[in-house]
Amino acid sequence: MSRLLLDRVLAGVPNGETPLRHVRELPERSAASADWPSWVPADLRTALARCGVERPWRHQVEAATHARDGRHVVVATGTASGKSLAYQLPVLSALSEDRRATALYLSPTKALGADQLRAVRALDVEDVRPASFDGDTPMPERDWVRAHARWVFTNPDMLHRGILPAHARWASFFRRLTHVVVDECHGYRGVFGSHVALLLRRLRRVAAKYGADPVFVLASATVSDPATSASRLSGVPCVAVTDDASPRGARTVALWEPPLLPELAGENGAPVRRSAGAETARIMTDLVVEGARTLAFVRSRRGAELTALSARHALSEVDPSLPARVAAYRAGFLPEERRALEQSLADGRLLGVASTNALELGVDIAGLDAVVVAGYPGTLASFWQQAGRAGRAGDSALVVFVAQDNPLDTYLVHNPSAMLDKPVEATVIDPANPYVLAPQLACAAMEMPLTEKCLATFGGQAARRVVEDLTADGILRRRPTGWFWTSRERPHASVDIRGSGGEQVAVVEADSGRMLGTVDPGAAFTTVHPGAVYLHQGTSYVVDDLDLETGLAMVHREDPEWSTSPREQIDISVLSVEERTEHDDGVTVSLGEVAVTSHVVAYLRKLPSGQVLDQIPLDLPEQTLNTRAVWYTLTDDLLAEAGLTKHEIPGALHAAEHAAIGLLPLFATCDRWDIGGVSTALHPDTGEPTVFVHDGHPGGAGFADRAHAALIPWLTATRDAIEACECPSGCPSCVQSPKCGNGNEPLHKEGAIRVLTTVLDAVAVSSPESKAS
Ligand SMILES: [Zn+2]
Ligand SMILES: [Zn+2]
């Protein structure tokens, strides 16, 4: 069936286009079920059978048994492999046996938590009284939850702001806490993940105060080395269960690259590809005509709506009954709307759904005929999670990955093994980041004074340094029994665990006073500077005023014919070098701390054709970010040997920097927008041509460190991506960047390949001589 579907889709490709880059057949996997462990109470078994679970799969029993025996465990298996049962079994068994025992469930999103709560309620196990406790829980109900619920469903934000600081009111809950479930734990990465790691240490410390030592059960998508990631996140050693024993149908995976459109020209005259969204709509149309139940994942909400709309339009020309069977889905749907959509897709009333990644978490859709993934979803774990919606046991299915116009997607469709044969990336967190540790330790000290012993829990030496700084600043006070929080006020509300970078800037319509949205303070100068055109749900506004003091950007409704793009000057200076490797031939690679100073100096007004109307100067202050970076230097002689003239060097380094930023998400679980770069033909601190790639968050989130550790595969992939692109001199698929502060100038595509080859040759052949300073 799946190969047949692919043939149908190929038959619909316009003449002269050859978008198919690779096809891979993934074989069927048969199921391995197991007996119910003897310790599962009969009532629970009956309840599960009533809800349709006749027998568990082997991995569910394996994980549940670890937890039952008191071992912290992470179950890391595919989509629809029944990870919920792996924690429901030990938790509900424990709650049935001891009528005073309690458990805590954490999920990164409210929607997922609500789904999991509903599933546990449906089991209706006597006396458990599962309940949610989050920002939406009404005040009167909160008292009831604290006093009576034995399984509390919440999220890290509420644990941080609502539960831990008020732990005395939760004393009876903590005293009996047997299990902590951390669902979708691969989602905790970067700054957010680092905060959650420290939050879980705070949780363990509070539980210990009341005499409890709960067992952690973590559920994860398939990631590489889940035991290490889970142990780092939870702070306790976890065993991993990875052998997925759920059945899965055979799948055909096709990698697809939309064609270049010769009639269009983009920035600096670069060629343009058909958009991934338009190509996806076309593919979905062909699949729906074949009667295949198809789910398309599109990266933006607007994109999902456009994809559904354009598929509907195309279908109306084939069969007037078909357009009604295609819908768009996005975050913000009510639970009932989601159920209805899942149901109609499951029973075939709906044939095509275009969705944002919102559907990825906590939605019960599996066994579809086809999944189309428009644009790399950021991690391999997400890709496989989305692809996992296709395929039923005994039946095969089609997965199409459609590349978006950026270097990472280009690389993947030209290097199928990077996508299909590689273990998914490890999640990156850095709980030792002082910018995360300081606010977390302040919160911890307010909850209970910090002692010498706690410092080990929070990371040893790194924690000690931070605590000493906090004490020197008068935020903590040292007494014989430990470090104390000195203020009356709780620090929690001002700690932003999602890492969005401090107080958000509110975008407000001046006439109506209506708040349209918020912008990260770090991004305010580039997105809502005076004169910027700001889009909100398809409506266009122009910014009148930006006031960072009050955190307000005032806008009015206006739809000018131009768009705006900021011009930014970025400087980087090296604060300290932690590692420096000198390779033969004069290439050096370093890792350390840097200060990145950015200054938005002007913006351009551009017509849709790309024509620049004018450049308007701005008077905005500089911003400085202290963070971590990896950088390499080359000598002028080496660049000359590589055939680059003086005049070509800046463009070559700049292009190499852009593409490297585009590829890093393949090696560190970050988003292209979480990192930045600077390249220069002569850097004052190194005295040489230098390319920097830096973390975008204060103190870093582990991305630069990861880039340094994976330097060779990362730069090799960068070079391969540029080489694979068929454009003549640079385009968004290879070296142009949507966030470039210099308007993607200068860029030298061929030169970037030479720079990267020179660096890689030196790093690969020389015997590295490491010097730490
Ligand atoms: Zn290109
Ligand atoms: Zn740039």
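Ligands are counted one by one from 1 in listed order, and the atoms in each one are counted from 1 as well.
Screening H414, H22, Q404 for a side chain to side chain donor-acceptor pair (under 3.5 Å) involving E257 leaves a single residue, H414.
Ring to ring, F525 and H599 are not that close: their centroids are 6.0 angstrom or more apart.
Judged by distance alone, the side chain of T627 and the main-chain N or O of G696 form no donor-acceptor pair under 3.5 Å. Formation of a donor-acceptor pair under 3.5 Å by the K749 side chain with backbone atoms of C725 is found in this model.
With sequence neighbours left out, P650 forms a side chain to side chain contact (heavy atoms under 4.5 Å, CB included) with A681, P746. Under the rule for a side chain to side chain contact (heavy atoms under 4.5 Å, CB included), the partners of D614 that lie at least two apart in sequence or sit in another chain are R605, I616.
Using a cutoff of 4.0 Å between basic side-chain nitrogens and carboxylate oxygens, R754 and E641 are not scored as salt-bridged. A salt bridge links E582 with R580: the closest approach of a Lys/Arg side-chain nitrogen to an acidic carboxylate oxygen falls below 4.0 angstrom.
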### H697 and Y435: CA distance, side-chain angles, deciding distance, ring-ring contact (aromatic ring centres under 6.0 Å, His included) verdict
CA-CA 9 Å; H697 301 277; Y435 291 83; over 10 Å; no
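Within the protein, the number of N/O/S atoms found under 2.8 Å from the Zn ion (ligand 2) is 3.
Closer than 2.8 Å to the Zn ion (ligand 1) sit the protein N, O or S atoms C725 SG, C727 SG, C731 SG, C734 SG.
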